[in-house]
Amino acid sequence: MKRFRRDLPFEADQIGRFLPWIISFMVFLGLLALAITLSISETINGWNKNMSSHITIQVPSDKASSDDLQKVIRILKSTKGIEKVQLLDNSTKLTLIEPWLGKKTENLSVLLPEVIEVETERNKFDNISVLKIKLREVIPEITIDDHREWLMRLISTSDKIKIISIAILLIIGVISVTSVMFATKTGLAVHTPIINLLHLMGAKDSYIVNQFQLRVLYLAIIGSFLGSVAAIIVLYIFKTIAQDIELSIYSESIVPLNNWLVLITVPLTAIIISVVTTRRVVLRTLARIP
Amino acid sequence: MLHFENVGMRYGIGPEILRDLNFSLGEGSFNFLTGPSGAGKTTLLKLMYLALKPTRGLVHLLGHDIALTPRSELPMIRRQIGVVFQEFRLIPHLSAFDNVALPLRISEESEDIIEKHVKELLVWVGLGNQILAKPSILSGGQQQRVAIARAIITKPRLLLADEPTGNVDDNIALRLMHLFEELNKTGTTVIIATHNQKLIEKLDHPVMELTDGELKILNNNLNRS
Ligand SMILES: Nc1ncnc2c1ncn2[C@@H]1O[C@H](COP(=O)(O)OP(=O)(O)OP(=O)(O)O)[C@@H](O)[C@H]1O
Ligand SMILES: [Mg+2]
């Protein structure tokens with residue numbers, strides 16, 4: 001093993017003092033942004049799986065002849081993307097309204113609308129408006145509840161949140177690169193006389209670059225570690241609070257710490273960005289010396 | 001070994017400091033470089049140790065046409081050149097030992113060899129008791145000897161020294177000259193820039209004289225007679 005060489009007086013520059021803090025702050029923000037995005041998209045995905053595949057169709061009982069009803073069912077069954085069509089019987093309907101009206105409701109059954117539950121194949125069914133027109137031709141009073149509609153709105157909101165957090169992550173990335181570049185450039189300025197000397201003695205660029213790179217690697221690891229620890233603490237606090245107040249969105253999937261494989265990309269990226277940026281700045285500066 | 005052809009040098013848009021230099025130095029020669037202050041001695045040495053590129057003309061060094069040598073091959077050429085800088089350029093936070101060891105470490109020598117050779121050389125230049133001293137606590141003359149030791153530790157093919165005796169008395173100056181002559185006997189080509197006329201006269205070597213940006217090579221013996 002070659003000994004770790006340091007010919008440059010790194011204590012003389014300010015890099016060691018502020019680089020770890022910048023990096024830890026960036027990693028902290030990055031982790032929070034990513035964790036929140038993950039938890040929102042996981043929650044919504046969960047809803048999506050449960051609900052997007054259901055359509056509820058109701059027909060006021062006095063408006064539907066059983067012929068018409070059968071016709072509606074036939075149309076539904078022949079529609080592409082529909083998996084299952086079920087006309088609910090009275091007892092099922094009664095259990096559905098039980099929470100509101102109580103148990104003694106048998107004589108109500110005549111007044112209850114006919115209800116058809118439709119299950120669609122996920123993502124393959126999207127001509128709901130055509131279907132609506134077709135069904136209204138048969139029974140004008142028919143109502144069609146498509147859970148997908150509001151779900152879509154929710155999903156588009158969550159997409160916006162995702163875009164915002166990706167933007168935040170990008171901004172954090174740009175700030176990190178800029179500050180590492182700034183730090184390295186300042187550092188280089190302080191060390192220019194020695195760098196020139198090493199260069200004149202026949203040091204290859206890599207000999208000089210490696211010293212900077214090792215140093216920044218070390219600082220970036222410290223910074224990333226601190227930032228990650230802080231973020232994990234904050235996320236755990238979130239999680240505890242969310243569980244206490246049974247915030248449904250948060251309760252399960254917030255603090256997706258089980259997603260650590262995704263989350264670990266934040267500190268890793270920070271470290272890679274730091275090292276690569278340093279390398280490029282130093283090499284570019286060295287290339288200017290003949 | 002060293003060949004200049006129509007070399008001219010100016011800094012930026014300033015006047016031409018060196019004009020139409022044409023000369024060759026043979027492998028193993030020992031040369032003085034002299035001339036009034038500001039004549040361009042340091043500038044000429046910088047062209048030789050590849051800190052500067054000439055504004056015009058051709059520099060041939062250690063078998064390479066420098067203008068045509070790719071950047072990636074320059075470190076290997078630089079490692080064969082030892083330089084004693086006029087202002088020493090010791091690294092302040094490194095000990096005398098580490099300063100002298102630097103060229104060997106750059107060439108990736110093993111630490112065992114470094115340990116042995118550096119100590120030997122430091123003893124030889126009379127700094128056996130200051131091996132771990134930082135430059136700041138060394139006298140000017142001692143710093144100069146560290147700088148010289150650093151320049152010769154790799155047994156370079158070309159040794160360039162810029163006023164290497166500026167800070168020492170005549171006795172030590174003469175001792176250092178003998179050190180350079182020893183090195184010269186092992187094949188190193190030596191060029192020493194100096195104002196010290198007494199020293200030049202004591203030793204019998206060709207003298208390159210810079211005046212008004214032009215170079216004359218005088219044979220020392222003829223010069224004296
Ligand atoms: N980096 C520079 N930029 C502009 N001009 C310079 C630079 N270095 C040297 N010069 C000018 O070049 C001329 C020659 O300088 P140089 O240092 O080569 O002289 P010198 O012969 O070594 O002098 P001295 O004996 O005092 O060391 C001087 O007029 C100096 O002002
Ligand atoms: Mg000079």
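Every chain is numbered from 1 and lettered A, B, ... according to where its sequence line falls, protein lines coming before strand lines.
Counted within 6.0 Å of CZ on B:R10, heavy atoms from surrounding residues, nucleotides or ligands total more than 12; the atom is thus considered enclosed. Heavy-atom contacts from other residues, nucleotides or ligands closer than 6.0 Å to CZ of A:R17 number 12 or fewer. Atom OH of A:Y218 has 12 or fewer neighbouring heavy atoms from other residues, nucleotides or ligands inside a 6.0 Å radius. Around the CZ atom of A:F18, the shell of radius 6.0 Å holds more than 12 heavy atoms that belong to other residues, nucleotides or ligands. The environment of CZ in B:R19 is crowded: more than 12 heavy-atom neighbours from other residues, nucleotides or ligands sit within 6.0 Å.
A:M201 has its side chain out of reach of B:L104: every pair of non-hydrogen atoms, C-beta onward, lies at least 4.5 Å apart.
Looking at B:R71, only its side chain comes within 4.5 Å of chain A, counting heavy atoms on both sides. Proximity to chain B is absent for every atom of A:I208, based on heavy atoms less than 4.5 angstrom apart.
Contact record, A:G202 with B:P75: O-CB, 3.4 Å, taken as the closest heavy-atom pair. Here the closest non-hydrogen pair linking A:P290 and B:K53 is CB-CE, 3.9 Å.
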Practice problem: Start with the C-alpha gap between A:K204 and B:R79, add the side-chain angles, then the distance that decides, and say whether side-chain contact (heavy atoms from CB on, under 4.5 Å) holds. | Solution: CA-CA 10 Å; A:K204 288 181 187 156; B:R79 287 180 195 180; 3.7 Å; yes

Self-check item: Intermediate values then yes/no, side-chain contact (heavy atoms from CB on, under 4.5 Å), B:L50 and A:H199
Solution: CA-CA 10 Å; B:L50 307 180; A:H199 183 75; over 6 Å; no

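Rounded to the nearest 0.5 angstrom, B:L90 CG and A:L197 CG are separated by 8.5 Å. The distance from atom CD of B:E108 to atom OH of A:Y207, rounded to the nearest 0.5 Å, is 8.5 Å.
Of the possible polar contacts, none joining the B:R78 side chain to the A:L200 backbone as a donor-acceptor pair under 3.5 Å is found.
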